[in-house]
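Here is the naming used below: chain letters follow the sequence lines, and residue numbers restart at 1 for every chain. Model, not experiment: these values are computed from the prediction.
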Protein chains: 2
Amino acid sequence: MTIMPKLPEKTIERLSQYRRALLICLGKNKQYIFSHELAGMLHLTPVQVRRDIMLIGYSGTLRQGYEIREMIALIGKIIDSEEGLKVAVIGLGNLGRAMISYFNGKRTKLSIVAAFDINQEKVNRVYAGVPCYHIDMLSKIIRSENIPIAIMTVPGDEAAKVTESLVLAGIKGILNYTPTPVNVPANTYLQEYDMITSLEKIAYFVKQGNREEHI
Amino acid sequence: MTIMPKLPEKTIERLSQYRRALLICLGKNKQYIFSHELAGMLHLTPVQVRRDIMLIGYSGTLRQGYEIREMIALIGKIIDSEEGLKVAVIGLGNLGRAMISYFNGKRTKLSIVAAFDINQEKVNRVYAGVPCYHIDMLSKIIRSENIPIAIMTVPGDEAAKVTESLVLAGIKGILNYTPTPVNVPANTYLQEYDMITSLEKIAYFVKQGNREEHI
DNA sequence: TTAACATTGTTATTTTTTTAACAATATTTT
DNA sequence: AAAATATTGTTAAAAAAATAACAATGTTAA
């Protein structure tokens, strides 16, 4: 297998988006796509698309564009793990359930296999195919099921404690959707996403009457 | 009022985060904060914090740090609108409800004042203080209530249609949480957020055994 | 069959963002 | 009172990302 020299982080993000856009095209029985078409779908410039494609070592055909299936396959080789990775959702509130529905049937390589909550009414039930365990079982299940990734959708004031449990349980990556930033050791990958920041940013640009698109 | 020379986009994002962190500190009766403390809370470097603070024209006191109240006030002056902005949530599914709970009582300047859904069981009811209207009322309510910002939490296959309605209704900013990218005219601010991309990015770095933190 | 065109692939340039370096200085310690 | 220290504020440098420029070339049109 060819070693892929480290891709820019932004390119990784876009690869995921390219794939989704390409899958939509495939669903419409499209076979080839031009850089400007893909760019248009994702609010990017054609140059950026071509450059990313260059970076992953793929080539299209002149005047015909890129072969959609091939590109999907190649992106998969780069960003997916062969075995597939299991994901747990911590906190089965509205947001946790939203994440599960979101994923339902969408991806094969990433699958949500467990949810955790503190509420006894939710525990030991199955939500959209995903079993919900009591949060006390977190460490046990994460280890036994070998789950490397967790999505935190608990209330902000529980974020720190849950993070600690996750780290102790050996989790490798955390996506933190709570409003509270958390800390993890250096060998754990952490990504924070804050809905309020997103909205405040929009508010700022709306206030400024700014015209640009920003993804 | 001093004209603020255009701030970097990333700084705007961080200002929102600074404020939230500062509010937490304020809640703990802290009065001053050092750049390295703020940095530590948000996975940033102290230099970056100081630089941002410099850019907004604030000054701390040597060996004492920054006055928390003052800084919160200043950030508000920069990123908030004086009158406050109204926000609508389109789609009262799990994600829409999550957004509403998230905001409940948190912000004063941004307030979710309306939700829309197609489901008759949800229409004309109030969820967490927010009235839900039928989606056919979208244009009417958005105009009459003067709502400039919308959060889209509908299923992906409705995203395009809803976006069109929003634009026609004169919306100024859209936060798109559906998995489907949409298009808006140049005078509308659009921000797309894709949960799957976030997760796939984590998966990639977990796969790589990458050690860094990424916000 | 030649010219015009559309598209890719790649290098170069510019812009944006982050990081480093370090001067200035109030506070604490000796 | 002098030295050491911790911290801010700012300029400079580096790194990352986006954009532009343009050569190459197969395709279509004249």
Let's go through Glu83(A) and Lys109(A) carefully: what are the C-alpha distance in whole Å and the side-chain angles of both, what is the deciding distance for salt bridge (charged side-chain N to carboxylate O under 4.0 Å, His left out) to 0.1 Å, and is it a yes or a no? CA-CA 7 Å; Glu83(A) 344 77 60; Lys109(A) 291 299 183 181; over 6 Å; no
Decide if the gap between the ring center of Phe34(A) and the ring center of Tyr66(A) is smaller than 6.0 angstrom.
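No, they do not, as the ring centres are separated by 6.0 Å or more.
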In this structure, how many angstroms lie between the [atom2] atom of [N] and the [atom1] atom of [X], rounded?
| X | N | atom1 | atom2 | answer |
| --- | --- | --- | --- | --- |
| Leu38(A) | dG9(C) | CG | P | 13 Å |
| Asp52(B) | dT16(C) | CG | P | 16 Å |
| Ile12(B) | dT17(C) | CD1 | C1' | 14 Å |
| Glu9(A) | dT18(C) | CD | C1' | 13 Å |
| Glu13(A) | dA18(D) | CD | P | 9 Å |
| Leu55(B) | dT8(D) | CG | P | 16 Å |
| Gln48(B) | dT8(D) | CD | C1' | 16 Å |
| Leu7(B) | dT15(C) | CG | P | 19 Å |

Subject >> For the student: nearest non-hydrogen atoms of Leu15(B) and Leu7(B), plus distance >> reply: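 Smallest heavy-atom distance, with atoms named: CD1-CD1, 4.2 Å.
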- prompt: Do you know the tightest heavy-atom contact between Gly76(B) and Arg19(B)?
  reply: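 Minimum heavy-atom separation between Gly76(B) and Arg19(B): CA-NH1, 3.5 Å.
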Using a 4.0 Å heavy-atom cut-off across all strands, classify Thr11(A) as base, sugar-phosphate, or nothing.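 Answer is nothing: Thr11(A) stays at 4.0 Å or more from every strand.
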Any side-chain N or O of [X] less than 4.0 Å from the OP1 or OP2 oxygen of [N]?
| X | N | result |
| --- | --- | --- |
| Ser35(B) | dT7(D) | no |
| Tyr32(A) | dT8(C) | no |
| Ser59(B) | dG9(D) | yes |

#### Entry: Contacts of Tyr18(B) that satisfy ring-ring contact (aromatic ring centres under 6.0 Å, His included) - sequence neighbours left out
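Result, ring-ring contact (aromatic ring centres under 6.0 Å, His included) vs Tyr18(B): none returned.
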Check whether any side-chain heavy atom of Arg51(A) sits under 4.5 Å from a side-chain heavy atom of Thr11(A), and report yes or no.
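They are not in contact (no side-chain heavy atoms under 4.5 Å apart), so the answer is no.
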Contact string for nucleotides 20-30 of chain D, one letter per nucleotide 5' to 3', B = base within protein heavy-atom range under 4.0 Å, S = sugar-phosphate only, - = neither, reads BB---BBBS--
Side chain of Met54(B) (C-beta onward), nearest among dT18(C), dT10(D), dT8(D) =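 When the side chain of Met54(B) is considered, dT10(D) is the closest of dT18(C), dT10(D), dT8(D).
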- Partner set under side chain to side chain donor-acceptor pair (under 3.5 Å) for Tyr32(A), not counting sequence neighbours: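 Per chain and number, Tyr32(A) pairs via side chain to side chain donor-acceptor pair (under 3.5 Å) with no residue.
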